Q: 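Encoded as structure tokens, here's the structure I'll be asking about.
Throughout, protein chains are lettered first and strands after them, A, B, ... in sequence-line order, and every chain is numbered starting at 1. All of these numbers come straight from a predicted model, not from anything done at the bench.
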Amino acid sequence: MRKILNVAWKDLVTTFRDPTALIIMLAAPYALTLVMAFAFGGLSGGGGGLSGIPVFVVNHDGGEFGGYLQQTFQSPDLADLLDVTVTADEAAARAAVDANKAAAAVVIPADLSESIVPSGLASGDPSALANRPQAVVEVYANPDRPISAGIVRGIVDQFLSRVSAGAAGGQVAVSQLIASGLLAPQEALTKGMEIGERAARQATETRLIAVKGETAAEDPQGGFDWLTYMAPSMAILFLMFTVSNGGKTLLAERDWGTLPRLLATPTTAFQVLGGKVCGIYLTGLAQMGILLVASRLMLGVKYGPLSAVVPVTLALVAAATGWALVLAAYARTAGQANQMGTILSLAFGGLAGNFFPRQALPQWIRTASLITPNAWGLDAFNKLTAGGTLGDVLVPIAGLLALAVVLFIAASVIFRRQYA
Amino acid sequence: MTAIVRVQNLSKRYMPENVLAVDDVSFEIQQGEIFSLLGPNGAGKTTTISMLSCLLAPTAGDAFVAGHSVIREPMAVKRAIGVVPQEIALYNVLSARENLVFWGRMYGMGGRELSRRVDEVLQQVGLADRAKSRVGTFSGGMKRRLNIAVGLLHKPQIVYMDEPTVGIDPQSRRNILDMVKELNREGMTVLYTTHYMEEAQELSHRVGIMDHGKLIALGTQKELTRLVGEHETLRLHLAEDQAAEPLAEALRGVPGVVRVSTADHEIVLIVPEAEDALPPVITKANELGVKVRSVDIQEPTLEAVFLHLTGRALRD
């Protein structure tokens, strides 16, 4: 046993001293977790979901339309998504954005209402429509929070497009009513105002951004948390790269001349192979441990009780090690093992949903993915991050252990055929 | 003296290529001697050492190391031997000390004994001051020395050194040869394989000459050179634009010339008396218009023995 542990310890140390291996094992999954979570879901809110986007609203418009836009931002539907501060101090709002205290400042100009329904219409001046000012609602965006700022801009755009559509529809309707004699020109302003206000009110009442609403139906826990999904997902994906590399070193030792030297010591082939397997397992375990702890401490990902996380991780690494052994037994050279390992890791990642939620994949792919440690592991971690306990992950743990047993047997059969 | 290694009719046939790499080889190595296996690349030296290290199973025959059969008691044989492979079998990312500790543990060593032996062998191979440096930063010669240190760590009864000077500079080669002699002075038995005649000549108490898997001669240097008789070696160095073969062919007919072989722009002649043979040889060269740049005359050497036995130069 001492010799097995000696080989395993040597493999662990040599792997963790290899800068390239460290990048693949630790830096790459951590960076990709951040990039993918940021790209798809933003990172605000600590836990990773989109909520509480800080936004300042500066309303210079004394008319009704500025008020409607302000109410849109303060609507109950957007209360979770936005954290709105209404202020008359435009400079302070811009300063808040510059200081990264807000994702954006929405500056409503004084002539917004005038630009939609010009006051000249009240005195029956039909040229008032043509001469109305061109109002510009400014969204002063924070470049450090592009996704959050984009959402604010989207809310403003949607409001304005609905109001514009309403105003245009109102003008057409009023013109036709006057032409057909059903409406007196003096009543045109009142009618036009009614139509415009209805459009603005509808814009306020209607949910403008459906970020939470669209995911709420699928996820009873609330919004889809990309960070919580991506952290274990990337750790599992890169675990496969690590164990594949471990399997490769079994063949590389032959190229380095260290395998014959090991076998020339009073050590059995079983002890050498056992040491290599333990080395792969310990390296995978160390990598998963570091990544899970790092994402917990630095990204705030909650993995649930340790009593469940530990057995899931142990079983996951065992199954991944099984694949590494099959690979090492099947490949003839270290180079071949390397290529096969890369292809296998990426294929398993795609099949099991390491790059996007598994729920989005067709059923047949989800079924096929059960041959991968990735699918079982991801399933287990998804359950744990959603508040599950050991009881909820017994099936994935059993799946991973069964996979490990089958793969270990397959690897030993191939090894015997190759080296008998 | 007692034999520490007894090789009995050892053969190895590689399948499916059906290549007979070692063909019915028998010899003994006495305790305390340096025994060299000399032969060109592909002669079967490494295959023989691999069988004596229990890395390859013999197709026929058996060998006994420290009284243990390589077939029936491989673990006992492995405990008795130290192996210095032809390749540098070390881990580059580990330091010299870490490598030695790792390999020492593979020999079942541990604790203070291992630590003490690591210090000793580092001193022995002159790497004590680089103990903490990673092997990847070492020169080829330093790696070779550490490669040897691993083989000495557990104080084996015999150390096998398979071409330990391949690919290193002359100074490192000198260091290694001196180290082997020093080890032997301290009582270590050494089985040394090489295709360098000079190394075998300088180090060995006895030499086994291998060619095409067979042991074609065995004995002390004196015994082996006696096979050639009192013959001397006459070496003609030709100008670079001169072909050796036409002159070699012509020299085969010169009276007194026992053997002729060629290598690049060189002709090697085995003759009873070099001074007597030289005038007709030069005359023949002049007749054929071949320019001879220089001539060496050597006392009987192992190379002459190899040439005498095989008709080929050792470097062919």
Q: So which part of B:Asn147 gets closer than 4.5 Å to some heavy atom of chain A, the side chain, the backbone, both or neither?
A: both
Q: I need the minimum non-hydrogen distance between B:Tyr107 and A:Ala264, along with the two atoms involved.
A: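 Where B:Tyr107 meets A:Ala264 most closely, the heavy atoms are OH-O, 4.2 Å.
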Q: Would the distance check show the side chain of A:Arg261 and the main-chain N or O of B:Val83 forming a donor-acceptor pair, the cut-off being under 3.5 Å?
A: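 Indeed, once roles are kept as given, a pair shorter than 3.5 Å links the two residues.
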Q: What part of A:Gln271 is in contact with chain B, defined as an atom under 4.5 angstrom from a non-hydrogen atom: side chain, backbone, both or neither?
A: neither
Q: Heavy-atom distances under 4.5 Å only: say whether B:Val150 touches chain A with side chain, backbone, both or neither.
A: both
Q: Run the side chain to side chain contact (heavy atoms under 4.5 Å, CB included) test on B:Phe102 and A:Leu262 for me, step by step, so that the C-alpha distance in whole Å, both residues' side-chain angles and the decisive distance to 0.1 Å come before the verdict.
A: CA-CA 10 Å; B:Phe102 170 76; A:Leu262 279 168; 3.8 Å; yes
Q: Name the member of B:Val101, B:Leu94, B:Ile81 that forms the most heavy-atom pairs with chain A at distances under 4.5 Å.
A: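 The option with the most such pairs is B:Leu94.
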Q: Which answer fits B:Leu55, side chain, backbone, both or neither, if we ask what part of it has an atom under 4.5 Å from a heavy atom of chain A?
A: side chain
Q: If only atom types and distance count, is the side chain of A:Lys3 paired as donor or acceptor with the main-chain N or O of B:Met106 below 3.5 Å?
A: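 Pair found, side chain donor or acceptor close to backbone of B:Met106.
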Q: Taking atom CE of B:Met109 and atom OG1 of A:Thr265, what is their separation to the nearest 0.5 Å?
A: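 Nearest 0.5 Å value for the CE-OG1 distance: 13.0 Å.
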Q: Going by heavy atoms in the side chains, are A:Trp256 and B:Leu90 under 4.5 Å from each other?
A: no
Q: Check the pair B:Lys78, A:Thr267 against side chain to side chain contact (heavy atoms under 4.5 Å, CB included), reporting the backbone distance first and the verdict last.
A: CA-CA 9 Å; B:Lys78 288 175 180 182; A:Thr267 308; over 6 Å; no
Q: Checking A:Leu259 against chain B: side chain, backbone, both or neither under 4.5 Å from a heavy atom?
A: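 Contact with chain B involves no heavy atom of A:Leu259 at all.
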Q: Between A:Thr258 and B:Trp103, is a side chain to side chain contact (heavy atoms under 4.5 Å, CB included) present by the stated rule, with each step listed?
A: CA-CA 10 Å; A:Thr258 44; B:Trp103 290 108; 4.1 Å; yes
Q: Could you walk me through whether B:Val93 and A:Asp18 pass the side chain to side chain contact (heavy atoms under 4.5 Å, CB included) test, one step at a time?
A: CA-CA 8 Å; B:Val93 296; A:Asp18 179 358; 5.6 Å; no
Q: Sort A:Asp255 into side chain, backbone, both or neither according to what part of it lies under 4.5 angstrom from a heavy atom of chain B.
A: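 Answer is backbone: N, CA, C or O of A:Asp255 sit under 4.5 Å from chain B.
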Q: Decide if atom CD of B:Gln171 counts as having more than 12 heavy atoms of other residues, nucleotides or ligands within a radius under 6.0 Å.
A: no
Q: Measure distances from B:Glu98 to the heavy atoms of chain A and classify the residue's part below 4.5 Å as side chain, backbone, both or neither.
A: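 Interface part for B:Glu98: side chain.
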Q: Are more than 12 heavy atoms, taken from residues, nucleotides or ligands other than A:Gln336, located less than 6.0 Å from that residue's CD atom?
A: yes
Q: On a heavy-atom basis, which atom in B:Ala89 and which in A:Gly257 lie closest, and how many Å separate them?
A: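 Heavy atoms only, the tightest pair is CB-O, 3.3 Å.
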Q: What is the distance from atom CG of A:Leu263 to atom SG of B:Cys54, rounded to the nearest 0.5 Å?
A: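 Between atom CG of A:Leu263 and atom SG of B:Cys54 there are 11.0 Å.
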